[in-house]
There are 4 protein chains.
Amino acid sequence: MQSRTPAGRTGRPRNAAADTAILAATREALVELGWSKLTLGDVATRAGVAKTTLYRRWAGKNELVVDAVAELFDELELPDRGSLAADIEGVVLQFAAILARPEAKSGLMAVVAESTRDDALRERIRASIVERQIRLVLEGRERAQCRGELPPEPDPAEAARTVDLIFDVVAGAVVHRTLVSGKPADEDWVRGFTRVLLLGLTAAEPTAAE
Amino acid sequence: MQSRTPAGRTGRPRNAAADTAILAATREALVELGWSKLTLGDVATRAGVAKTTLYRRWAGKNELVVDAVAELFDELELPDRGSLAADIEGVVLQFAAILARPEAKSGLMAVVAESTRDDALRERIRASIVERQIRLVLEGRERAQCRGELPPEPDPAEAARTVDLIFDVVAGAVVHRTLVSGKPADEDWVRGFTRVLLLGLTAAEPTAAE
Amino acid sequence: MQSRTPAGRTGRPRNAAADTAILAATREALVELGWSKLTLGDVATRAGVAKTTLYRRWAGKNELVVDAVAELFDELELPDRGSLAADIEGVVLQFAAILARPEAKSGLMAVVAESTRDDALRERIRASIVERQIRLVLEGRERAQCRGELPPEPDPAEAARTVDLIFDVVAGAVVHRTLVSGKPADEDWVRGFTRVLLLGLTAAEPTAAE
Amino acid sequence: MQSRTPAGRTGRPRNAAADTAILAATREALVELGWSKLTLGDVATRAGVAKTTLYRRWAGKNELVVDAVAELFDELELPDRGSLAADIEGVVLQFAAILARPEAKSGLMAVVAESTRDDALRERIRASIVERQIRLVLEGRERAQCRGELPPEPDPAEAARTVDLIFDVVAGAVVHRTLVSGKPADEDWVRGFTRVLLLGLTAAEPTAAE
DNA sequence: GTCTAATCGAGACGGTACGTCTCGTCTTCAC
DNA sequence: GTGAAGACGAGACGTACCGTCTCGATTAGAC
């Protein structure tokens with residue numbers, strides 16, 4: 001979100017309800033039309049707002065869609081299910097459920113694609129979508145360490161690398177399963193995936209004697 | 001590719017060189033402009049071809065970009081490096097190298113995003129890009145089984161599920177690392193990733209004694 | 001003309017100067033290119049206006065050309081030259097002078113040809129070009145009746161028929177001379193034509209004894 | 001027409017039936033589509049002929065339409081009806097009947113309009129359409145002179161001027177009536193027109209008493 | 001209560017690309 | 001050499017959105 005009524009300012013204040021309406025209209029349009037056929041004029045009409053209003057608040061289609069999609073990920077949580085495996089399965093299922101929604105499918109990959117040529121956009125995605133997911137990984141690891149399921153990390157740099165790797169593997173696998181393979185990331189799949197992931201992370205390195 | 005001079009046909013035959021020129025021009029435009037600013041008129045101009053010629057051979061921007069990007073993956077191979085780990089590392093590095101190229105970055109995710117609303121497009125992607133990659137996974141497993149690094153698969157259905165899972169994990173992780181996290185999938189990362197993957201696939205299930 | 005800023009309306013008002021510029025550009029293009037090679041894109045460029053602006057105000061090439069040509073006929077007048085013959089000669093010469101201009105030559109017949117398949121276009125031509133000319137005929141007859149050169153009309157229906165006939169003969173002859181025969185309707189010709197016309201209209205019917 | 005099978009030539013001779021089929025197809029297309037929407041590709045298809053064949057025989061749309069329309073005027077004749085007035089009425093009615101046909105309406109004015117910028121086209125129209133009509137005027141005058149209805153012409157130059165004038169007045173009036181005024185040149189109208197024309201041509205100049 | 005200034009809706013504006021159409025030419029094979 | 005078939009380069013078509021602009025009408029807080 002970027003609209004702030006800058007407190008000590010004169011003039012007519014912005015209509016706060018408009019932001020909500022615009023983001024909802026954007027998601028609606030994503031569902032009906034997909035990213036490439038979504039037009040800002042159409043979003044403005046759906047939101048009952050003038051095009052000018054929309055452009056006053058967002059720089060363009062990409063920024064708008066990032067904000068609209070980011071709200072979908074607000075509901076991601078990490079309820080304590082008693083074991084690391086169950087925690088992972090739970091959060092991956094939540095993540096898969098969000099990705100299965102057409103507004104996420106249509107919008108997310110498109111803005112990621114756009115972000116390969118627009119650093120500001122990549123940063124916006126990182127801050128409003130990715131950051132939250134990374135935090136869930138950190139939180140989950142901490143909880144597992146409390147439980148004793150994972151050893152404490154001696155080397156902070158190595159720890160950060162591992163978190164990154166886990167995040168890329170989890171998010172990447174779910175996204176690929178959903179969007180490229182076109183198959184649902186359902187409970188069976190998530191269970192299998194989690195088993196491989198956890199084994200990979202916790203199994204002892206095979207010794208030379210194998 | 002879709003242009004065939006249908007053998008026993010009258011009329012002037014299509015210029016075969018045009019296909020090549022158009023696909024190369026498409027990749028060039030992807031590098032310079034990215035997917036969203038790429039226009040078919042511009043591609044036609046770059047290829048030294050009329051817009052009509054382009055539309056006669058491809059249905060639209062998405063199909064054209066899929067074919068142009070697919071050619072990038074033709075170079076993927078699976079040389080025998082002596083061990084399963086080395087084989088995986090090799091092919092993942094190749095895959096990462098292709099994904100690091102701007103024409104792949106710009107184009108691939110965009111068409112995947114589009115394919116969420118276009119089944120024909122998804123199928124085209126599957127046939128011309130994904131299929132080849134799946135085959136590499138199968139080939140690698142077979143080779144590892146010959147070497148005795150992997151046990152033979154008793155249950156074919158389970159085997160297929162595992163291949164799918166591996167494929168989603170590998171491709172997903174590399175793509176996510178490259179495009180979302182925006183960091184290079186370099187040798188270090190690939191080595192770490194391969195270690196986790198192989199452990200996850202081969203480690204014994206933790207026994208009850210855990 | 002069709003563009004009016006409808007008085008009590010919201011939104012940015014139309015640029016009135018654009019109409020003038022577009023019609024002038026249309027005549028310029030008619031002179032240089034002729035009707036069939038005139039393109040609306042070119043007219044827009046000449047007028048320093050976007051193609052959209054042009055399409056927002058005119059339905060198509062035909063309507064635009066009718067309006068552009070109609071303005072040429074605005075200068076037609078019926079100055080009092082003292083006699084019916086002189087009045088006719090004067091107005092016919094004016095008419096011929098307009099028709100001799102290349103923008104009229106190129107445009108007028110073309111839209112008439114188009115109007116054979118488009119009733120709305122025929123009506124537009126009638127209202128903006130023909131109507132004014134008919135009025136001149138009426139005006140001239142009235143003046144001649146005041147002078148006593150023509151008898152008052154007893155039968156209104158017959159009078160209307162005669163006006164129509166005169167109009168078709170005058171306009172038709174000048175147009176045919178100019179466009180089909182390709183010869184100038186100069187003073188000599190106009191004098192000869194007027195003599196025949198006036199004699200035809202005023203001479204006594206040859207009696208049976210002939 | 002311009003296609004000749006050049007007598008002493010080798011190779012496959014041209015298909016003579018094609019000319020006929022093409023001209024008929026052109027008239028059919030003129031009726032259905034009008035001049036501006038008529039395309040040579042469509043005419044070729046209707047005639048069951050390749051576009052190449054058509055272009056080998058005609059230089060373009062204008063030339064083709066002139067030839068197609070010219071054939072309509074082949075049926076104009078000047079049967080002897082016993083008096084100059086009746087002869088004129090007869091031939092004017094024939095002319096009006098041809099002009100009333102949609103293929104003539106659509107095509108004739110359009111090519112005349114085009115001819116204002118193409119001298120070769122104007123000459124082609126003159127030779128294949130106008131010439132024949134002029135000859136009818138000459139023939140009619142000769143017949144009337146034989147009958148004693150018209151005096152012999154003392155001055156050949158003046159005679160030529162008068163023929164031109166008559167032709168412009170007759171053809172122009174009928175065309176204007178039919179295409180611009182959009183009313184039929186029926187028997188009533190033709191009778192009125194002929195009366196005015198003949199009076200104009202034969203009435204004695206008003207004397208000095210004027 | 002003005003005054004002031006940013007907001008709102010509406011919609012016209014100069015652009016750009018779209019995907020289609022027709023042009024007139026060219027290339028191939030069959031007769 | 002002619003003919004049908006159809007691909008080709010060229011370029012106009014009319015439409016759709018873009019992002020900007022100009023309006024008149026609100027709508028607050030500052031005076």
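In the text below, chain A, chain B and the rest are named by the order of the sequence lines, each starting its count at 1. What's counted below: heavy atoms across the whole structure, side chains too, no hydrogens, waters or symmetry copies.
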Scan nucleotides 3-5 of chain E against the protein and return all N/O pairs shorter than 3.5 Å with their distances rounded to 0.1 Å.
unit_1	atom_1	unit_2	atom_2	d
E:dA5	O4'	A:T10	OG1	3.1

Exercise for the section: Measure from the side chain of C:L40, starting at C-beta and using heavy atoms only, and say which of F:dA7, F:dG14, F:dC18 lies closest. Expected result: F:dG14

Practice task
Please determine if a side-chain N or O atom of C:T52 lies less than 4.0 Å away from the OP1 or OP2 oxygen of E:dG15.
Solution key: no

Completion exercise
Nearest heavy-atom contact between D:V49 and D:A18 is CG2-CB, 4.2 Å

Exercise for the section: Counting heavy atoms from C-beta on, name the nucleotide in E:dG24, F:dC23, E:dT7 closest to the side chain of C:P13. Expected result: F:dC23

Exercise for the section: Give the intermediate values and the outcome of side-chain contact (heavy atoms from CB on, under 4.5 Å) for residues A:L30 and A:V69. Expected result: CA-CA 10 Å; A:L30 275 176; A:V69 170; 4.1 Å; yes

Practice task
Report the distance from atom CG of B:L54 to atom C1' of E:dT20, rounded to the nearest whole Å.
Solution key: 14 Å

Problem - Stretch residues 25-39 of chain A: residues that reach within less than 4.0 Å of DNA chain E through a heavy atom - result: none

Exercise for the section: Name every residue in residues 42-51 of chain A that has at least one heavy atom under 4.0 Å from any atom of DNA chain E, in order of residue number, or write none if there are no such residues. Expected result: A:G48, A:V49, A:A50

Problem - Whole-Å gap separating C1' (E:dG14) and CD1 (C:I22) - result: 12 Å

Problem - Presence of salt bridge, D:E71 and D:R27, under 4.0 angstrom - result: yes

Practice task
Could you state the atom-to-atom distance from CZ of A:R56 to C1' of F:dT22 in whole Å?
Solution key: 12 Å

